[in-house]
2 protein chains.
Amino acid sequence: MVQKARPKRTSSSQRREESLSREQIIEASIELLDNSGEGGLTFRTLSERLATGPGAIYWHIANKSDLLTAACDTIIARTMTASLASVTTGATPQAAIRLLALAMFDAIDAHPWVGSALTRSPGQSPMLRIVERIGQQIRALGVPPKKHWVTASALLSYILGVAGRNAANGQLARTQGLNRSDLLEAVSTAWSQLDPEEYPFTRSLAGQLRSHDDRKDFLAGIDLILRGIGSPHRR
Amino acid sequence: MVQKARPKRTSSSQRREESLSREQIIEASIELLDNSGEGGLTFRTLSERLATGPGAIYWHIANKSDLLTAACDTIIARTMTASLASVTTGATPQAAIRLLALAMFDAIDAHPWVGSALTRSPGQSPMLRIVERIGQQIRALGVPPKKHWVTASALLSYILGVAGRNAANGQLARTQGLNRSDLLEAVSTAWSQLDPEEYPFTRSLAGQLRSHDDRKDFLAGIDLILRGIGSPHRR
DNA sequence: ACCTGAACACCGTTCAAGT
DNA sequence: ACCTGAACACCGTTCAAGT
């Protein structure tokens with residue numbers, strides 16, 4: 001159980017001098033989400049943290065879904081600008097895409113809730129930021145304009161898929177009180193004990209699962225897609 | 001608002017003759033999820049549908065997450081056997097993977113909640129079924145054993161990514177009371193009105209977004225990955 | 001062994017009333 | 001204009017009591 005640290009006001013029961021801001025609310029939400037997962041963000045815990053009532057929050061944000069997208073957008077915006085800075089001039093589009101993808105991976109690794117938040121707000125600002133950045137590199141790759149959307153969409157889906165899986169793994173580990181390698185170990189032994197008749201392949205994968213590196217595998221997938229983009233289409 | 005059809009017992013307030021079964025519960029859950037989305041599955045609505053009390057359900061299933069995974073597993077199991085039957089003998093592994101992927105796409109299209117349920121139960125039975133089937137084809141493709149996991153993982157992530165996105169789109173459309181093409185139209189016009197300085201690429205994509213075909217694009221992504229698998233690795 | 005349904009401890013959200 | 005906090009309509013889950 002987590003101790004609830006009641007926020008202490010410096011003085012008495014005065015009214016707050018500076019009014020609550022949307023940014024303040026979002027920042028507090030991110031903190032809550034990072035520290036205690038998706039279940040940790042509640043209008044009650046949040047308002048407690050902000051030393052106000054639940055109703056006050058509704059003056060600044062529409063509802064919980066809005067709050068989640070806003071928090072997600074803040075993280076994505078930061079990630080995009082950071083990854084923009086990391087691309088040196090003269091880098092190939094492939095390299096830029098790899099860096100962008102890695103930045104996304106690391107961001108979601110640090111804030112697992114972003115994974116599911118992204119999926120739950122299609123066509124919203126966070127997604128737009130990512131599409132735009134991916135798209136610019138796809139154009140730079142020389143993909144014919146007619147294929148821009150399909151290509152961007154494929155990369156996006158893959159990234160979101162990994163994001164979602166990572167978020168789920170993280171939450172599973174948290175639920176069971178395990179760290180990443182303990183969880184991997186547990187799943188791996190479970191796989192190695194599967195029925196050889198029914199799950200021959202999955203069984204044989206247990207070893208690779210145990211020792212794999214999520215980040216490396218993620219990048220390998222990106223490379224697979226990049227190679228696919230570069231290869232001639234034969235039917 | 002949906003009319004709640006109170007289930008009518010044939011006679012009086014007798015005790016139910018045949019006891020509730022796990023399968024019955026799961027089947028009713030699937031129906032509820034299909035008809036009214038993820039929010040439609042509630043222990044109260046479910047027990048009403050089954051003409052029993054909320055507590056009764058807990059005798060057969062552990063909790064809501066268990067129920068959701070079980071419902072998801074039922075759909076995936078059916079999808080896997082159906083797709084197995086659709087692969088003609090002598091088909092290439094590529095063709096088999098395409099068929100498998102399409103079967104998954106259609107299943108998730110018909111049951112959007114499966115998209116998020118899949119993501120939320122990592123390492124569980126539904127995922128295992130998919131991994132196994134993908135894996136067997138990857139082996140047939142002649143991918144070197146050391147790369148089995150990375151390759152299967154990439155395909156899986158992509159499929160789950162699309163699944164999640166589709167589920168989200170479906171739910172968004174449902175929330176706003178729009179059909180698919182109206183939603184597409186709305187998002188597309190929103191994109192075409194984006195700031196050209198900030199979102200040049202996304203803006204240019206509006207047209208393609210409006211007329212695109214989710215299923216085709218999904219398959220194009222699969223083909224991209226398949227081509228990547230078949231291409232030599234150059235660094 | 002299985003079911004009943006009230007009760008518990010939560011949620012997100014609203015809204016009259018305050019300043 | 002912004003905040004307060006009680007109240008509403010829900011949840012998932014538990015559990016004594018029944019059959």
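Heavy atoms only: backbone and side chains are in, while hydrogens, waters and symmetry mates are out. A note on names: the letters A, B, ... follow the listed sequences, proteins ahead of strands, and every chain is numbered from 1.
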Please report, rounded to the nearest Å, how far the [atom2] atom of [N] is from the [atom1] atom of [X].
X	N	atom1	atom2	value
Arg22(A)	dC2(D)	CZ	C1'	16 Å
Asn63(B)	dC11(D)	CG	P	17 Å
Glu48(B)	dC10(D)	CD	P	12 Å
Gln24(B)	dC2(C)	CD	P	13 Å
Glu38(B)	dG12(D)	CD	C1'	16 Å
Leu67(A)	dC11(C)	CG	C1'	15 Å
Phe43(A)	dA9(C)	CZ	C1'	19 Å

Item to check | Pair Ser157(A), Arg165(B): side-chain N/O donor-acceptor within cut-off below 3.5 Å | outcome: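 The criterion, which ignores hydrogens and geometry beyond distance, is satisfied for Arg165(B) and Ser157(A).
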Next on the checklist: Quick check: do Tyr199(A) and Val131(B) have side-chain heavy atoms less than 4.5 Å from each other?
Outcome noted: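 No, their side chains stay 4.5 Å or more apart.
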Checklist entry - Of Gly39(A) and Pro54(B), whose closest DNA chain C nucleotide lies nearer the 5' terminus? => result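 In this pair, the answer is Pro54(B).
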According to the Watson-Crick and G-U wobble definitions, with both distances under 3.5 Å, which nucleotide is paired to [N]?
N	value
dA17(C)	none
dC3(D)	none
dC8(D)	dG12(C)

Checklist entry - Going through the distances and angles, do Asp217(B) and Ser153(A) end up as a side chain to side chain donor-acceptor pair (under 3.5 Å)? => result CA-CA 8 Å; Asp217(B) 289 355; Ser153(A) 179; 5.2 Å; no
By nearest atom, which of the nucleotides [options] is closest to the [X] side chain?
X	options	answer
Thr42(A)	dC11(C), dG12(D), dT13(C)	dC11(C)
Leu20(B)	dT14(D), dC3(D), dC3(C)	dC3(C)
Lys64(A)	dT13(D), dG12(C), dG5(D)	dG12(C)
Tyr58(B)	dG12(D), dG5(C), dG12(C)	dG12(D)
His60(A)	dC11(C), dC3(D), dT13(D)	dC3(D)

Item to check | Phosphate OP1/OP2 of dC2(D): any Trp59(A) side-chain N/O under 4.0 Å | outcome: yes
Checklist entry - Does the side chain of Thr52(A) get closer than 4.0 angstrom to OP1 or OP2 of dC3(D) through an N or O atom? => result no
Checklist entry - Starting at the 5' end of DNA chain D and moving along, which residue's nearest nucleotide shows up first, Ile57(A) or Arg44(A)? => result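 Residue closer to the 5' terminus by nearest nucleotide: Ile57(A).
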Next on the checklist: For Arg129(B), is there an ion pair with Asp73(B) - N to carboxylate O distance below 4.0 angstrom?
Outcome noted: yes
Checklist entry - So, are Asp109(A) and Arg215(A) salt-bridged, with charged N and O less than 4.0 Å apart? => result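 No, this pair does not count.
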Next on the checklist: For a quick check of understanding: with a heavy-atom distance under 4.0 Å over all strands, which category does Leu46(B) fall into, base, sugar-phosphate or nothing?
Outcome noted: nothing
